[in-house]
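Since the structure comes first, as structure tokens, the remarks are kept for the end.
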Amino acid sequence: MRWTINGAEVDETVDVRTSLLDLLRERLHLFGAKKGCDQGACGACTVLVDGRRINSCLALAVQYQGREIVTIEGLGAPGALHPLQKAFVEHDGFQCGYCTPGQICSAVAMASELRDGAPSYVTEDLTAETIDVTPEEVRERMSGNLCRCGAYNGIVDALTETYAPAAEADKREAA
Amino acid sequence: MSLVQDTLQAVMKKAIALAPDGFIPGGHPDPLIHHKHGLIGAPVSRIDGPLKVSGKAAFAAEFPVDGMAYAALKYSSIPRGRIAELDTRAAEAAPGVVLVMTHKNAPRLQPMPPFMSQPKAAGGDDVPVMQDDQVHWNGQPVALVLAETQEQADHARSLIRVAYEAGHGVTALAEAKANGSEPGLFQGEPLKLDLNDAEDKLAAAPHKVDVRYTTPRHSHNPIELHAATVYWEGDALRVHDATQAVDHAAWTLAQVFGLREEQVHVTSPYVGGGFGSKTLWQHQILAAAASRLAGRPVRIMLSREGVYRIVGGRTITEQRVAIGAQDDGTFDALIHTGTVAMTPHNNMPEPFILPARSAYASRSFLLDVETVKLNMVANTFMRAPGESVGTFGLECAVDELAHAMNIDPIELRIRNEPEKDPTTGLPFSSRLIVEAWRRGAERFGWSKRGAPGARREGEWLVGLGCATATYPYYRMPGGAARITLTRDGRATISISAHEMGMGTSTAQTQVAAERLGLTMEQVTFAYGDNTLPGVVLAGGSQQTAAIGAAVSAAQRQLFETLLQLAGNDSPLAGLKPDEVGGSDGGLGKLDEPQIFESYASILQRAQRESVTAEAEAPPPLELQHWSMHSHGAMFCEVRVSTVTGEVRVNRFLGVFDCGRIINAKTARSQFRGGIVMGLGLALMEETQFDERSGRIMNPSLAEYHVPVHLDVPEIDAIWLDEPDPHTPMGARGVGEIGITGVGAAVANAVFNATGKRVRDLPITLDKLL
Amino acid sequence: MTPFDYQRAADAAGAVAAGVRGGAKYLGGGTNLVDLMRETIERPDCLVDVSCLSGGIDETPDGGLQIGAGVTNAAVAADRRVRERYPLLAQAILSGASAQIRNMATVGGNILQRTRCGYFYDDAARCNKRRPGDGCDAVDGFNRNHAILGASPACVATHPSDMCVALAALDAMVTVEGPAGPRQVPLIGLHRLPGDTPQIETVLEPGALITAVTLPPNGISARSRYRKVRDRSSYAFALVSVAAGLEMEGDTVKDVRLALGGVAHKPWRALAAEAALRGRLLTDAALQGAAEAELSPARGLRDNVFKIDLARRVIVDSLSSLAQAREIVR
């Protein structure tokens, strides 16, 4: 079986029952994607497949053969962090750090969904060409990523700064 | 305890209370309190941040070991009885299976000493761990499977067949209450206080409320599943654990396996959230036992359901709060009593009366927590045990009285502000709640609050509410620390403390750098390892103080050694440890900083590569000399749909009096995080315990609701930043206070919005239709 | 998870040939099936992966849309034609689950997802779905999320889909490939009420494969709305949801569509309420009467009596706000 993971071709033979999450963690020792529920209820296992975010715990690795998978390890590393990773540190968008890789992967995909003009449940006008990156949009779109430490404010600040710098500046000015 | 011991203890307590301040730890303010412009208080980003955001911080289940086998647990499906038949043949024959362990083949083990039964006990309960055929709760582990992969272990587990002979389990609260209650004992003292005939004073009071509140079971739900990687090296046990108590876990494991404590090595550098749940439960023991039987390293990671089955949460409470008041609003009587559920196998009587002991002046008090016994997974500590749910009853009742008397609820609180601790008579070490109320009322726009139901915006009714947050200062005995200073001017602080996201490693690096006059880059904070000095539980919001006191003691020791090494040729010659401070990479005289020698110079002259000092913190006598509490003024604005009853939180403000804040960035996250968990407690959280079967019916993050992003508005958390003169660094803990008062602030805001008083948590929409 | 064979279907016919064998299951996005397999509630011996089949959204000759069963929920909600012509469907999908799950879940899988009843999920509980004849522990247990309409003593579970509620309101037709060839089933006739056989959840025969959903053109899209009420503001199943659409002629109801979620074993098309409104003046009394017509057979359980009142309130509010709203001009 073959996948492209963080740009590299990976060949492994796994049990058909193995989830993409367990392939990453237990076979490839890519521990960035986390297991928090193993049932699609927390988002800690979020990775990107062909640029879209999914819950890797609910994905059978066998079904995702041939796909391009990016994990938190593929976004940046200490010393060469992705701008969003830096913003998470700056805005304290985490405490224990366990949900964090999932939040960040999810947010990277969220940004591209917004760029594509994809609406959310809180989008007033479903036919609008562009959607403003408001805190409410960000909160609804990120609601599939639980943070029990409650670092939600910091996460939203990190996302807003990274993906809507103008809105962030307005907020600072207002404060 | 004997009468003689009781008497001695009472005498000691009185003596400590009456001793001169100077004899008590904290009697001389920590010199660090006077450092105004250094690292203390700075909004420093987490030093482990880059590792965490890149997925490189290694959690307990992320230590691959050669030859490792994976564990899966099978849980009982009855609350009480015995295992009549246990058929493991199909599981044993399944592919990849290494071992099936049951009570029939498990090694002989001692029960876990339960938490608080002994200084380093960490067990959730004292039920024998897979030692007999008895079932004590619905969800108790009855078998463990080890296999080459997790998939194989999980599958083999599903092939195990168990037949039970049902016994009589007590699973309904009504039956448990009918069986009789016992007074709760917490930290060795009864949760009972009867001062000046409160019932009579209540009956005679011109104004009163007398109401009942309930709070349901709660589950901590840290996102990291409870996990451990375990193996034996000869007779020594190695555990990579997810724990907030490395020393307690090691000591307790040693008792269970009949080892010396030194034979158990527990590390836990990163913990994916704990909130009270990451102590010792059966899974670490079962993994170690299976590892010994199989001769293989073992990885155990509970499923989310598994966490609900074998890791206890916060128990249910039924509370009565009655307040009698004079026309001026001052309290004649404060009564806070009620019942909580426990099990026959633990002692954690959710101490919901703790806030009422010191929050308000009153002419009489009646406080009482009664416990009843259920067959359920042992309940345990969860963020602000006692205060989180106790402030719900107390602070709603104050709001109800204020409404009944037509007095502003903040004003009513201020009128009942005590001069000294109202139940112990001790002086407060520092108490600024009135200032917090004034600051918060101004900032939140409290004066715009209208009558209940008066403010409508389209479909929504909008209301404001407030409540007092309160949590005590704790410092537990056993703190000790080691400082190693090397000739290149670097220091390592070693202490067996924990980092679960509170920001401990960052904040303590700041403190140590400030104490030693080094930069943060020159300081390494080593923690999360039971072989390091000290016993420092990550609980009770006490780590900051416990580490602070230990490091301060070690620092004094270090300076003494350095001054000896410096000798007569040093500019520092003749100075005493109290006369010098760390600055600019060396020691300087406090009042004449130009009298200085660098650490490098001292060590070079003494021909030493390094110097090490280790010391124990003094016993926490300050807790019996002053009444030491943090406070917060909590403000909430909600909107409630007139169509659906849905409640949404528009705004939240917490103004905190927690002494000096060490790190503005991580402390704000702690406050906000506590408030977010409080919003969950207020609006949605409930562990559903089926009283017919004793089974938890929502053991998942899909069915047990914790707040999601969209539930949480921007939360404003500010603080007064006034140092407590009697604590290390002037700080008190910040980890738990944030959740306290939130339930009441939300409920009071809902009342202001709708005129409806919800006294049973969570405040779900059906209660507002 | 019980061991199984995995095979990827090349086309619908091949899938049905493999899927008709006993013990086989079709795998779409897996968001429900993989979870249920991990819980050993589902134990297929073969998974036929159909997620790569029927992946497009196409115009139909009459001006409707045909959505392939393998299209992800996210792709349906993001499709411009769906957003413009069937905003109700886009809203319903976007109210469900999380962005991650919507990226995985397929239209076919969403329709066939199973209940979230806690007693269904717990092997220690009695459940007639898992073990027919076993009894139902939910009837007298925690049943806040359970049915108020069309339930039976054997089962009080609800169908958890949001998407299906919108499809029910939109008169969607489901194309099914079966051992006997293709056929069309109206969405509102696809799911069954529990009766005595709650383990049989749809009218589909074993091995039948959903290949597409067809949306006919309609006049209600300009005034339509999906409102979902739940215990937290996002990422939760519905307590009650309402898909509502109105077409007015002056003050008179020309056409109305109403479907409810979270209330029954199937997406609940509120035909009685619709009949009470069609051709009538839209007054408050008419709205109350319509809601009453639909909900008079409703029965509450220990924890969910409130849902009857809640459903009434949301029906009335949804339709009256649609009536007051200016038609959205596109």
Side-chain angles (χ1 to χ4, degrees), chain A residues 1 14-21 37-66 102 105-107 109-110 113-114 116-129 136 139-146, chain C residues 1-8 27-39 46-47 49 51-52 72 74-75 77-105 121 162 226-228 232-236 328 330:
Chain A
M1 303 177 193
V14 299
D15 193 319
V16 289
R17 295 172 295 186
T18 303
S19 66
L20 181 56
L21 177 62
C37 69
D38 222 19
Q39 53 189 168
C42 77
C45 65
T46 303
V47 300
L48 307 178
V49 174
D50 301 330
R52 298 186 189 280
R53 49 180 164 167
I54 67 157
N55 293 135
S56 63
C57 72
L58 289 179
L60 294 174
V62 65
Q63 191 180 16
Y64 283 79
Q65 292 172 84
C105 286
S106 189
M110 182 206 78
E113 291 160 16
L114 275 164
D116 293 346
S120 82
Y121 186 57
V122 300
T123 307
E124 283 294 324
D125 180 2
L126 286 181
T127 61
E129 296 287 337
E136 198 191 17
R139 287 182 184 130
E140 162 58 20
R141 289 163 189 270
M142 290 297 294
S143 281
N145 290 85
L146 306 185
Chain C
M1 210 180 279
T2 306
F4 57 87
D5 291 326
Y6 169 87
Q7 54 179 277
R8 201 173 281 198
L27 174 67
T31 54
N32 188 220
L33 181 57
V34 169
D35 184 28
L36 291 169
M37 287 168 65
R38 210 170 262 146
E39 301 283 338
C46 177
L47 279 189
D49 185 350
S51 60
C52 38
T72 65
D79 187 277
R80 187 149 284 284
R81 293 162 297 178
V82 172
R83 283 151 61 186
E84 285 172 359
R85 283 145 61 181
Y86 304 96
L88 188 60
L89 176 60
Q91 275 179 338
I93 289 173
L94 292 169
S95 77
S98 67
Q100 290 93 317
I101 289 174
R102 296 193 295 269
N103 275 335
M104 304 173 77
Y121 260 78
D162 291 295
Y226 187 75
R227 178 155 188 183
K228 181 174 181 178
R232 64 182 174 194
S233 57
S234 188
Y235 203 12
I328 304 160
R330 299 225 161 83

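What you see is a predicted model; the values in this text were computed from it and never measured. Lettering follows sequence order; numbering is per chain, from 1.
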Could you check if a side-chain atom of [X] sits within less than 4.5 angstrom of a side-chain atom of [Y], using non-hydrogen atoms only?
{"X": "A/Leu60", "Y": "C/Asp49", "value": "no"}
{"X": "A/Glu113", "Y": "C/Asn103", "value": "yes"}
{"X": "A/Val16", "Y": "C/Asp5", "value": "no"}
{"X": "A/Ser19", "Y": "C/Arg38", "value": "yes"}

[X] portion near chain C, given a 4.5 angstrom heavy-atom threshold:
{"X": "A/Cys105", "answer": "neither"}
{"X": "A/Asp116", "answer": "neither"}
{"X": "A/Ala59", "answer": "both"}
{"X": "A/Thr46", "answer": "side chain"}

To check you understand the geometry: which heavy-atom pair defines the closest contact between [X] and [Y], and what is its length?
{"X": "C/Ser98", "Y": "A/Asn55", "value": "OG-OD1, 4.2 Å"}
{"X": "A/Ala118", "Y": "C/Ala78", "value": "CB-CB, 4.3 Å"}
{"X": "A/Gln63", "Y": "C/Tyr6", "value": "CA-OH, 3.5 Å"}

**OP:** With sequence neighbours excluded, tell me which residues meet salt bridge (Lys or Arg N to Asp or Glu O under 4.0 Å) with A/Arg52.
**Re:**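 For A/Arg52, no residue satisfies salt bridge (Lys or Arg N to Asp or Glu O under 4.0 Å) once neighbours in sequence are set aside.
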
Quick one: pull up [atom1] in [X] and [atom2] in [Y] and give me the separation to the nearest 0.5 Å.
{"X": "A/Leu126", "Y": "C/Glu84", "atom1": "CG", "atom2": "CD", "result": "10.0 Å"}
{"X": "C/Tyr235", "Y": "A/Asn145", "atom1": "OH", "atom2": "CG", "result": "8.0 Å"}
{"X": "A/Asp125", "Y": "C/Arg83", "atom1": "CG", "atom2": "CZ", "result": "8.5 Å"}

Original post:
Contact part of C/Ile93 toward chain A, heavy-atom cut-off under 4.5 Å: side chain, backbone, both or neither?
Top reply: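 Neither; nothing under 4.5 Å.
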
Original post:
Distance-only, no hydrogens or angles: does the A/Arg17 side chain make a donor-acceptor pair with backbone N or O of C/Thr2 under 3.5 Å?
Top reply: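 Side chain of A/Arg17 to backbone of C/Thr2, a donor-acceptor pair under 3.5 Å: no, none is there.
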
Original post:
Where the side chain of A/Tyr121 meets the backbone of C/Ser234, is there a donor-acceptor pair that is under 3.5 Å apart?
Top reply: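 No; judged by distance alone, with no hydrogens or angles, the pair does not exist.
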
Please output the side-chain donor-acceptor pairs of residues 29-37 of chain C that fall under 3.5 Å, not counting sequence neighbours, one pair per line with the distance.
from: C/Asn32; atom 1: OD1; to: C/Arg114; atom 2: N; distance (Å): 2.9
from: C/Asp35; atom 1: OD2; to: C/Tyr121; atom 2: OH; distance (Å): 3.1

**OP:** Sort out for me which of A/Met110, A/Glu140, A/Arg141 touches chain C most, counting heavy-atom pairs under 4.5 Å.
**Re:**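 Result: the option with the highest number of such pairs is A/Glu140.
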
Original post:
Could you go step by step and tell me if C/Gln100 and A/Leu58 meet the side-chain contact (heavy atoms from CB on, under 4.5 Å) rule?
Top reply: CA-CA 10 Å; C/Gln100 290 93 317; A/Leu58 289 179; over 6 Å; no

